[in-house]
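Notes for the one structure printed next.
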Amino acid sequence: MGSTSETGHIKNLAHFEDLISYCQAYGTTYNPSNAALAIPQLQTVYTAAQTMMNNFKVQKTGFDNAINARRIAFEDIKPLATRIINALIASGAPKLTIDDAKGVNKKLQGSTSKKTATEMTTTESTESPKGISTSQQSYDRLKDHFANLIQILSQTTQYNPNENELKIPQLQARLGALEAAKTSWIAAHTTFSNAIAERDALLYHPETGLKAIAQNVKVYIKSIFGSQSPQYKQVSGLKFTNKK
């Protein structure tokens with residue numbers, strides 16, 4: 001389901017299409033001196049906005065998929081770290097080494113500030129750069145703590161478990177998967193952020209955006225037919241909302 005703000009963007013676009021249709025129906029009477037309000041230019045703006053919204057949907061889906069892929073990559077890191085600590089203890093490693101590993105694991109277990117993976121994903125699904133940044137930092141910390149834990153294991157000769165998923169090469173491969181998921185997320189986030197900027201410019205620029213143009217068209221129609229005319233009442237009922 002789309003957000004309320006997404007619905008607002010779509011309604012603005014639909015109302016702009018209605019506005020163009022009304023202007024066309026006025027025939028030669030609709031003849032603005034401002035070229036930005038001429039029907040061909042309105043059609044150009046509408047087509048560009050349609051293309052932009054389609055691209056926005058594609059980029060948002062890509063970003064959502066990157067969020068999900070990263071969440072899946074990280075989702076069992078905490079229980080895996082706990083298993084590693086137990087395997088390290090059972091290996092007969094020195095107490096100081098175990099204490100160091102426990103210290104790293106403690107940071108890893110608490111690195112999301114008590115946020116669940118679901119909560120972080122929900123935050124990221126918004127368009128708030130602050131929320132996205134906070135969540136990314138949480139994942140960055142998880143990855144770094146996991147890397148530190150592997151580093152301790154690599155320097156501990158006693159650590160040589162029989163369980164394949166706990167062996168150091170497999171843990172290093174898992175760390176590589178975390179890094180790959182992070183890199184994919186960053187690329188998707190950059191593309192999605194650019195799509196947001198493009199959307200906002202096309203729809204909401206105070207001078208050249210679709211909403212601003214629509215308001216000027218309304219004013220022009222009001223100047224032609226008058227504020228009490230059926231024509232102006234037609235277009236005045238078309239609401240163009242601001243970006244949430």
Review point. Relative to each other, are the rings of Tyr30 and Tyr26 parallel, tilted or perpendicular (30° and 60° limits)?
Key: tilted
Revision key, fill the gap. Distance col, row Ile150:CD1 vs His145:NE2, nearest 0.5 angstrom, shows 13.5 Å
Review point. Hey, is the main chain of Leu238 close enough, under 3.5 Å, to the side chain of Lys218 for a donor-acceptor pair?
Key: yes
**Study point:** Student check: side-chain heavy atoms of Val235 and Asp18 closer than 4.5 Å
**Key:** no
**Study point:** NZ/Lys222: more than 12 non-hydrogen atoms of other groups inside 6.0 Å
**Key:** no
Review point. Do we see a donor-acceptor contact under 3.5 Å between the side chains of Tyr220 and Gln215?
Key: no
Review point. Do Ile213 and Ile224 share a hydrophobic cluster, counting only Ile, Leu, Val, Met, Phe, Trp and Tyr and linking them when any side-chain heavy atoms are less than 4.5 Å apart?
Key: yes
Check your understanding: Would you say Lys182 and Ile186 make side-chain contact, with heavy atoms under 4.5 Å?
Key -> yes
Check your understanding: Any side-chain donor-acceptor pair under 3.5 Å between Gln228 and Tyr232?
Key -> no
Exercise for review: Calculate, to the nearest 0.5 Å, the distance between atoms CG and NZ belonging to Leu203 and Lys211 respectively.
Suggested key: 11.0 Å
Check your understanding: Between the main-chain N or O of Thr241 and the side-chain N or O of Asn12, is there a donor-acceptor pair closer than 3.5 Å?
Key -> yes
Review point. Are any side-chain N or O atoms of Gln59 and backbone N or O atoms of Ala188, one a donor and one an acceptor, separated by less than 3.5 Å?
Key: no
Point to revise | Side chain Arg174, main chain Ala73, donor-acceptor under 3.5 Å | key: yes
Point to revise | Gln109 and Asn105 side chains, donor-acceptor separation under 3.5 Å | key: yes
Check your understanding: Aromatic rings Phe240 and Phe16: how do their planes relate, parallel, tilted or perpendicular, breaks at 30° and 60°?
Key -> perpendicular
Point to revise | Least distance between heavy atoms, Cys23 atom then Val217 atom | key: SG-CG1, 3.6 Å
Check your understanding: Does the distance from a Lys or Arg side-chain N to an Asp or Glu carboxylate O, for Glu165 and Arg83, drop under 4.0 Å?
Key -> yes
Exercise for review: Classify the side-chain pair Tyr46/Glu17 by whether it contains a donor and acceptor separated by less than 3.5 Å.
Suggested key: yes
Practice item. Take Leu202 and Val45, measure what side chain to side chain contact (heavy atoms under 4.5 Å, CB included) needs, and give me the verdict at the end. Key: CA-CA 8 Å; Leu202 279 172; Val45 170; over 6 Å; no
